[in-house]
Amino acid sequence: MVMDRHGERLAVTLHDDKEQVLPYVALFRTRINPMLEITPCGLIQGESGEYPLHVSFQPSFDKGALLSIIWSSGVVRYVPLYFIPSEEIQNIQHRHVAPPSLNGQILSPIPSH
């Protein structure tokens, strides 16, 4: 089980009741605040006969999260998960924009006398 650096995507390898690795990786959307929320969002399956040996998220993918999967065949696959992190959305919503000014004077629709 591994979570991306934003805390918004979770990748999980699953095992059956005999501890055999199942041939896919389960993906979840996650939210940590105000309380933990985990929502299923997909499955990634390898080629026939492959099962995941290792999963990890790359630390420097700036368009969401980049999942790396090493399959039992030795193949490495990269799965981009595109999203805007919640933190960035909150920063944009709370950004204070200064009013426009002209020669040091604040522009106003009301003429001053």
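We number each residue from 1, following the sequence as shown.
Residue pairs meeting the salt bridge (charged side-chain N to carboxylate O under 4.0 Å, His left out) criterion with at least one partner in residues 20-42, sequence neighbours excluded, are R31-E37. Applying the side-chain hydrogen bond (donor to acceptor under 3.5 Å, both in side chains) rule to pairs touching residues 12-21 yields nothing, sequence neighbours excluded.
In this structure E8 satisfies the salt bridge (Lys or Arg N to Asp or Glu O under 4.0 Å) test with no other residue, sequence neighbours excluded. Every residue meeting the salt bridge (Lys or Arg N to Asp or Glu O under 4.0 Å) condition with R77, not counting sequence neighbours, appears here in chain and number order: E47, E50.
Checked against S73 for a side-chain contact (heavy atoms from CB on, under 4.5 Å), the options V76, I70, V75 give a single hit: V75.
Under a 4.5 Å side-chain heavy-atom cut-off, the cluster of Ile, Leu, Val, Met, Phe, Trp and Tyr residues that includes L22 is completed by M1, M3, L10, V12, L14, Y24, F28, I32, L36, I38, L43.
Transitive grouping of hydrophobic side chains (ILVMFWY, heavy atoms separated by less than 4.5 Å) brings Y82 and L66 into a common cluster.
For the residue pair F83 and L81, the shortest heavy atom distance occurs at CD2-O, 3.3 Å. When all heavy atoms are compared, the tightest approach of G7 to T30 is O-OG1, 2.8 Å.
Between I44 and L67 there is a side-chain heavy-atom pair separated by less than 4.5 Å.
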Donor-acceptor contacts under 3.5 Å from residues 51-62 side chains, at least two apart:
from: Q58; atom 1: NE2; to: S68; atom 2: OG; distance (Å): 2.6

